[in-house]
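First the proteins, then the strands, lettered A, B, ... as listed; each starts at 1. The model shown is predicted, which means the values in this text are computed figures rather than measured ones.
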Number of protein chains: 2
Amino acid sequence: MNGPEIEALVRLLAKLPGLGPRSARRAALQLLKKKDLLLRPLATALTQAADAIVSCRVCGNLDTRDPCSVCADDRRDRALVCVVEDVADLWAIERTMGFKGVYHVLGGTLSALDGRGPQDLNVASLVERCARGDVRELVLALNATVDGQTTSHYIADRLKDSPVAITRLAHGVPVGGELDYLDDGTLLAALKARRALS
Amino acid sequence: MNGPEIEALVRLLAKLPGLGPRSARRAALQLLKKKDLLLRPLATALTQAADAIVSCRVCGNLDTRDPCSVCADDRRDRALVCVVEDVADLWAIERTMGFKGVYHVLGGTLSALDGRGPQDLNVASLVERCARGDVRELVLALNATVDGQTTSHYIADRLKDSPVAITRLAHGVPVGGELDYLDDGTLLAALKARRALS
């Protein structure tokens with residue numbers, strides 16, 4: 001019905017997370033209607049990003065420079081390393097603006113179901129990073145899922161003979177959350193980890 | 001925090017319908033991760049679409065040719081013209097594969113609130129198209145909103161001295177819909193427009 005250029009565009013847009021076939025068509029139409037305001041700038045931005053983006057050889061972050069701007073930042077504490085599953089998690093922690101260390105992106109979690117073993121993750125480079133002796137604390141910021149927790153325990157086990165302190169994110173009531181809507185596991189964790197009211 | 005190329009990409013993606021700032025960031029990350037499978041093909045598809053797409057001078061459809069593939073199709077009944085608000089509505093009707101006439105895209109509806117008058121829509125070209133005498137029936141397929149209905153009545157009024165038959169889409173129970181969940185207005189319309197069970 002439409003030209004092949006439109007159909008190709010819709011098919012590619014539908015592969016983005018959050019866009020299905022229907023919303024991809026709507027997005028394509030919006031792009032075509034705003035050719036100079038949206039379509040051409042987006043095409044340019046994509047091309048520039050494709051040319052500029054590299055994976056950081058130290059931590060695995062995606063940035064326009066290698067080492068990435070986080071690893072290259074002199075004001076950061078390089079002895080404090082936060083281990084995350086994915087670049088998206090790194091960006092999420094950066095948005096809090098409360099972490100002043102550096103990162104290590106695993107690139108996934110161990111998963112028996114999906115057949116992902118330690119060799120599929122950046123675990124070897126993490127162990128090596130710790131073995132060099134310049135890491136003081138490793139914050140395991142993996143998802144609080146079964147696979148995430150399994151991976152946390154695996155990493156802790158691999159590093160049990162190293163002097164690196166290993167910590168994990170706190171479990172508890174989300175800020176702004178209501179107890180009545182909270183699952184039992186989280187509520188129990190929050191109760192066990194209760195702290196003095198300062 | 002990220003390079004300017006990533007931020008520019010996120011900002012542009014967030015302008016697409018269906019993507020907010022958060023999902024745009026997720027989409028950008030997905031694109032960056034699949035550089036060769038997704039990012040570069042999308043950049044190419046956008047550039048090709050920007051170069052190829054034109055607005056049809058007969059009906060206002062967006063296509064890679066002018067007149068568009070609908071207007072240029074010899075098997076279609078050119079005396080049967082469907083009036084739609086937007087190119088998205090044209091595509092929606094085309095997807096039903098049940099309409100064998102041609103289209104006229106108004107480019108919006110009359111709206112007192114948004115200050116859109118007849119001069120802002122492609123009404124003049126529609127009246128002219130009807131005056132040329134080659135239109136037999138005009139199907140008003142505008143949204144069943146106040147603005148859509150106002151526009152329908154305005155067009156019918158403009159063409160009241162012309163011999164063109166003016167019809168509108170049927171109102172009724174959506175196929176697969178349950179009466180209990182239907183609003184009263186639609187149910188009443190469906191009741192009034194009841195038809196013999198064939």
Side-chain angles (χ1 to χ4, degrees), chain A residues 1-13 15-20 22-55 61-65 68-70 86-88 91-92 94-95 97 107, chain B residues 1-13 15-20 22-55 61-65 68-70 86-88 91-92 94-95 97 107:
Chain A
M1 159 196 126
N2 296 311
E5 287 88 352
I6 302 183
E7 290 305 320
L9 181 59
V10 169
R11 218 169 27 249
L12 284 165
L13 284 173
K15 288 187 187 166
L16 295 181
L19 287 183
R22 227 189 161 94
S23 44
R25 202 164 281 280
R26 206 156 50 225
L29 191 59
Q30 180 84 332
L31 283 164
L32 294 175
K33 279 188 193 168
K34 301 193 175 169
K35 207 190 260 190
D36 293 321
L37 267 170
L38 199 54
L39 211 168
R40 287 196 192 276
L42 185 58
T44 313
L46 286 166
T47 309
Q48 283 173 351
D51 294 338
I53 300 301
V54 284
S55 181
N61 188 13
L62 290 168
D63 202 347
T64 45
R65 44 199 280 197
C68 72
S69 40
V70 173
D86 197 277
V87 179
W91 290 5
E94 277 299 284
R95 277 199 298 278
M97 295 192 287
Chain B
M1 158 196 129
N2 295 310
E5 287 88 352
I6 301 184
E7 291 305 321
L9 182 58
V10 169
R11 217 167 31 246
L12 284 165
L13 284 173
K15 288 187 187 168
L16 294 181
L19 287 182
R22 225 189 162 96
S23 43
R25 201 164 282 278
R26 205 156 52 223
L29 191 60
Q30 180 84 333
L31 283 164
L32 294 175
K33 278 188 192 167
K34 300 190 176 171
K35 207 190 263 192
D36 293 321
L37 267 171
L38 200 52
L39 211 168
R40 288 196 191 277
L42 185 58
T44 313
L46 285 166
T47 309
Q48 283 174 351
D51 293 338
I53 300 300
V54 284
S55 181
N61 188 14
L62 290 167
D63 202 348
T64 43
R65 45 199 279 198
C68 72
S69 40
V70 173
D86 197 276
V87 178
W91 290 5
E94 277 300 285
R95 276 199 298 276
M97 294 194 285

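Between chain B and the residues A:Ala50, A:Gly18, A:Ala45, the most heavy-atom pairs under 4.5 angstrom are made by A:Ala50. Of the residues considered (A:Arg40, A:Met97, A:Arg11, A:Arg65), A:Arg40 shows the highest number of contacts with chain B, using heavy-atom pairs under 4.5 Å. Your options are A:Gly20, A:Ala27, A:Ala24, and the one with the most heavy-atom pairs under 4.5 Å with chain B is A:Ala27.
Annotation for A:Pro17 and B:Leu19: closest pair O-CD2, 4.0 Å, computed over non-hydrogen atoms. The two residues A:Leu46 and B:Leu39 make their nearest non-hydrogen contact at O-CD2, 2.9 Å. Counting all heavy atoms, side chain and backbone alike, B:Ala43 lies closest to A:Thr47 at CB-OG1, 3.6 Å. Closest approach of B:Leu9 to A:Ala49, counting heavy atoms only: CD2-CB, 4.1 Å.
Using a 4.5 Å cut-off between heavy atoms, A:Ala52 touches chain B through its side chain atoms alone. Only the side chain of A:Gln30 comes within contact range of chain B, with heavy atoms under 4.5 Å apart. Both the backbone and the side chain of B:Leu42 come within contact range of chain A, with heavy atoms under 4.5 Å apart.
Annotation for A:Lys15: atom NZ does not count as buried by contact number, only 12 or fewer foreign heavy atoms lying within 6.0 Å.
Considering CG of A:Leu12 and OG1 of B:Thr44, their distance stands at 9.0 Å, rounded to 0.5 Å. Rounding to the nearest 0.5 Å gives a distance of 6.5 Å between CD1 of B:Ile6 and OG1 of A:Thr64.
The main-chain N or O of B:Ile53 is found under 3.5 Å from a side-chain atom of A:Lys35 such that the two form a donor-acceptor pair.
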Side chain to side chain contact (heavy atoms under 4.5 Å, CB included) assessment of A:Asp86 paired with B:Leu29: CA-CA 10 Å; A:Asp86 197 277; B:Leu29 191 60; 3.7 Å; yes
